[in-house]
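What follows is a short report on a single structure.
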Amino acid sequence: MGHASAALPVIDLASPDIGAATKSIRQALVDYGFFYVINHGIDDALMKSVYAESASFFQQPMEEKMALHKNSSHRGYIPPDFEGFEADAGGKGDLLECFHIGSGVDGDSKNPVNQWPPAERFPYWKETMKSYYQCAMGTSKRILSLIALSLDLDAEFFKPDGSETILRPIHYSGRAIESKHGSDHGANAHTDYGMLTLLSTDGTPGLQICRDKDGRPQLWEDVHHIDGALVVNIGDLLERWTNNVYRSTLHRVLMVGKERYSVSILTNC
Ligand SMILES: O=C(O)CCC(=O)C(=O)O
Ligand SMILES: [Fe+2]
């Protein structure tokens with residue numbers, strides 16, 4: 001299917017040369033709205049546990065998953081080909097299934113809106129997701145401070161309080177799904193609406209970006225997997241706040257006939 005690969009820059013978060021890192025980030029966000037990060041501080045063992053927990057949840061029968069169907073706060077399970085919420089962007093749902101976990105992972109007595117799989121059958125789910133949430137938030141904040149520096153702002157300029165952060169384990173089926181809502185992709189073309197998204201995938205292809213959303217025909221470039229790297233992209237809020245200098249790039253995930261897992265964490269404000 002010969003799609004070009006996007007030549008996204010790789011930013012080393014452990015680099016002592018902050019000036020060079022912020023310069024590369026600026027260029028990446030002007031050109032692509034996407035880049036990779038390495039030395040991001042997220043432990044490989046933690047990442048593997050997140051995938052293991054995610055797989056054991058999604059492998060359950062549909063009725064078990066639907067018992068945690070997303071509530072009015074949009075937390076919980078969202079089945080494939082779901083009409084609402086994700087449909088806002090393109091008018092049709094996605095073929096992926098996912099689970100939304102929001103802030104309050106640590107102070108859950110104050111914030112009962114999150115839903116959790118039953119502890120008897122999922123003894124490590126909550127702890128694992130909570131650790132990942134905290135770790136990935138730390139990484140997102142470091143990236144946001146580099147983004148602030150790249151805009152000649154104070155490193156502390158963006159102070160996400162996590163109140164609108166969503167951790168989202170995602171599963172794409174390896175089998176074709178007949179859509180009731182005209183959905184043709186795992187994730188239909190969309191831009192993320194918040195500030196920053198940090199994405200990990202299991203290495204299965206499918207993710208593509210379109211740098212010129214108004215160009216016809218739309219040109220899609222594959223975002224290939226780099227072992228150990230995470231993919232970072234900005235959302236509509238940062239695009240707007242930078243007067244469209246930084247770009248919230250259209251992306252989608254194709255169904256490639258192979259099962260795929262990913263985990264995104266979306267920092268919205
Ligand atoms: O699964 C992926 O690779 C992309 C997910 C995504 O675009 C999102 O969660 O907004
Ligand atoms: Fe996205």
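Just so it is clear, the values below take in all heavy atoms, side chains as well, and ignore hydrogens, waters and symmetry mates. Here, residue 1 is the first one in the sequence, and each next residue gets the next number. Both counts, for ligands and for their atoms, begin at 1 and track the order of listing. It should be emphasised that the depicted structure is a prediction, and the values quoted were computed from it without experimental measurement.
Remark: ligand 1 atoms within the under-4.0 Å shell around heavy atoms of Asp192 are 10 (O). Taking every heavy atom of Tyr172 and a limit of under 4.0 angstrom, the matching atoms of ligand 1 come to 1 (O), 2 (C), 4 (C), 5 (C). Each of the following atoms of ligand 1 lies closer than 4.0 Å to a heavy atom of Ser262: 1 (O), 2 (C). With ligand atoms numbered from 1 in the order given, ligand 1 contributes 7 (O) to contacts under 4.0 Å with heavy atoms of His251. Residue contact check: Ser264 has heavy atoms under 4.0 Å from atoms 8 (C), 9 (O) of ligand 1.
Atom 5 (C) of ligand 1 has as its closest protein heavy atom Ile170 CD1, 3.7 Å. Among protein heavy atoms, the minimum distance from atom 8 (C) of ligand 1 is reached at Arg168 NH1, 3.3 Å. In this structure, atom 4 (C) of ligand 1 lies nearest to the protein heavy atom Val253 CG2, 3.7 Å. Distance from atom 6 (C) of ligand 1 to its nearest protein heavy atom, with residue and atom name: His190 NE2, 3.9 Å.
Side-chain contact annotation: Ser150 with Tyr246, donor-acceptor N/O pair under 3.5 Å present. Between the side chains of Asp192 and His190, a donor-acceptor pair is found at a separation under 3.5 Å. Judged by distance alone, the side chains of His100 and Arg168 do bring a donor and an acceptor atom under 3.5 Å apart. Donor-acceptor pairing under 3.5 Å is lacking for the side chains of Arg75 and Gln115. For the 3.5 Å distance criterion, the side chains of Asp17 and Ser15 fail to qualify, holding no donor opposite an acceptor.
The NE2 atom of His190, the Fe ion (ligand 2) and the NE2 atom of His251 define an angle of 90° (nearest 10 degrees).
Heavy atoms of Leu96 found under 4.0 angstrom from ligand 1: none, in either backbone or side chain. With a heavy-atom cut-off of 4.0 Å, Leu199 touches ligand 1 through its side chain alone.
Ile42 places a side-chain heavy atom less than 4.5 Å from the side chain of Tyr132.
Note: His251 and Phe34 meet the aromatic proximity criterion, with ring centroids under 6.0 Å apart. Taking the six-membered ring wherever Trp is involved, the centroid distance between the rings of His225 and Tyr36 does not fall below 6.0 Å. For Phe99 and Trp125, the ring centers sit closer than 6.0 Å to each other.
Among the heteroatoms counted here (N, O or S) of Asp192, OD1 is the one nearest to the Fe ion (ligand 2).
The residue from Phe58, Tyr51, Tyr77 that alone fulfils the ring pair (Phe, Tyr, Trp, His ring centres under 6.0 Å) condition with His171 is Phe58.
For a threshold of 3.5 Å applied to N or O pairs, the pair formed by Thr201 and ligand 1 contains no separation below that value. Every N/O-N/O distance between Thr197 and ligand 1 stays at or above 3.5 Å.
Heavy-atom distances between Arg252 and ligand 1 stay at or above 4.0 Å for every pair.
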